[in-house]
Amino acid sequence: MTKKIMFNDKFCLTKAVLARTKTMTRRVLRDNVPLGNWEETVKHLSYKVGEVVAIAQRYNDIGKPQYDKFGNGVPGNSNKMFVKADLLPHHIKITDVKVERLRDISDDEILKEGVLKYYNDKNLFYVSKNTGYAPDVAFPSAHEAFAYLIDKVSGKGTWESNPWVAAYSFELVD
């Protein structure tokens, strides 16, 4: 059975994955994940290296609305939380995984997370918000931009609390 992975649409992260400009994602580890023994830790991670995972998208967004036996639209038409992985057209392959503290992220990795670099008369780093790739929320550093993004996606205070995360690298398969 194929698994699915969700990316935040408000910040155009699904679009960034499909455009191959987002090739990493960090997921906060649950409290019950053991740290210190890599083999034990890996057993608790959501995705493994080499695994192919479906990119969650609403059925309406992929042009394939679904209906129940009574002809009523199913929840997955408008909410990708309810889609079935086997019906999704796009997939990523996990190429690497590491466990680290959130704020150990490098500038290069931040750019792989969907933060974009904008050149004007100075370098700015920005986070896209529902308007495609226009620089709507700009910051003077990559880390400030990522702190803003992770707090919006994972909850206020996530950056400050510096939790343990699984950092997945991936490539778009289809």
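By convention here, the first residue in the shown sequence is residue 1. The figures here come from the full heavy-atom set of this structure, side chains too, leaving out hydrogens, waters and symmetry mates.
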Undergrad: Could you verify whether a donor N or O on one side chain and an acceptor N or O on the other, from Thr14 and Lys80, lie under 3.5 Å apart?
TA: yes

Undergrad: Please report the shortest heavy-atom distance between Pro65 and Asn60, naming the atom on each side.
TA: CB-OD1, 3.4 Å

Undergrad: When you measure from the side chain of His143 to the backbone of Ile105, do you find a donor-acceptor pair of N or O atoms at a distance under 3.5 Å?
TA: yes

Undergrad: Is a donor on one side and an acceptor on the other found under 3.5 Å between the side chain of Tyr168 and the backbone of Lys98?
TA: no

Undergrad: Working to the nearest 0.5 Å, report the span between CG of Leu18 and CD1 of Ile92.
TA: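 If we round to the nearest 0.5 Å, Leu18:CG and Ile92:CD1 are 10.0 Å apart.
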
Undergrad: Test of understanding: with side chain to side chain contact (heavy atoms under 4.5 Å, CB included), list the residues that count as partners of Leu111, not counting sequence neighbours.
TA: Lys117, Phe125

Undergrad: At what distance, to the nearest 0.5 angstrom, does NZ of Lys22 lie from CG of Leu116?
TA: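 Rounded to the nearest 0.5 Å, the NZ-CG separation comes out at 10.5 Å.
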
Undergrad: Using a strict cut-off of less than 4.0 Å between a Lys/Arg side-chain nitrogen and an Asp/Glu carboxylate oxygen, indicate whether Glu100 and Arg26 qualify as a salt bridge.
TA: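 A salt bridge is present here (some side-chain N lies under 4.0 Å from a carboxylate O).
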
Undergrad: From Thr158 OG1 over to Leu149 CG, what is the distance, rounded to the nearest 0.5 angstrom?
TA: 10.5 Å

Undergrad: Could you tell me if the ring centre of Phe170 sits under 6.0 Å from that of Phe7?
TA: yes

Undergrad: With no hydrogens and no angle check, do the side chains of Asp174 and His90 hold a donor and an acceptor under 3.5 Å apart?
TA: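 On atom types as modelled, these side chains do not qualify, holding no pair under 3.5 Å.
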
Undergrad: Using atom types as modelled and distance alone, determine if a side-chain donor or acceptor of Asn77 lies under 3.5 Å from a backbone N or O of Gln66.
TA: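 Side chain of Asn77 to backbone of Gln66, a donor-acceptor pair under 3.5 Å: yes, one is there.
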
Undergrad: Determine yes or no for a side-chain-to-main-chain donor-acceptor pair under 3.5 angstrom, with Asp9 supplying the side chain and Cys12 the backbone.
TA: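 Such a contact is absent between Asp9 side chain and Cys12 backbone.
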
Undergrad: Looking at NE2 of His91 and CD1 of Ile5, how far apart are the two atoms once the value is rounded to the nearest 0.5 Å?
TA: 12.0 Å

Undergrad: Nearest 0.5 Å, please: how far is CD in Glu113 from OG in Ser169?
TA: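 Those atoms lie 9.0 Å apart.
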
Undergrad: Looking at Lys48, is its backbone amide N or carbonyl O close enough to the side chain of Glu51 to form a donor-acceptor pair, meaning the two atoms are under 3.5 Å apart?
TA: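 Looks like yes, one N/O pair under 3.5 Å.
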
Undergrad: Is a side-chain N or O of Tyr47 found less than 3.5 angstrom from the main chain of Lys4, in a donor-acceptor match?
TA: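 Side chain of Tyr47 to backbone of Lys4, a donor-acceptor pair under 3.5 Å: yes, one is there.
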
Undergrad: Relative to the ring of Tyr148, is the ring of Phe139 parallel (under 30°), tilted (30 to 60°) or perpendicular (over 60°)?
TA: tilted

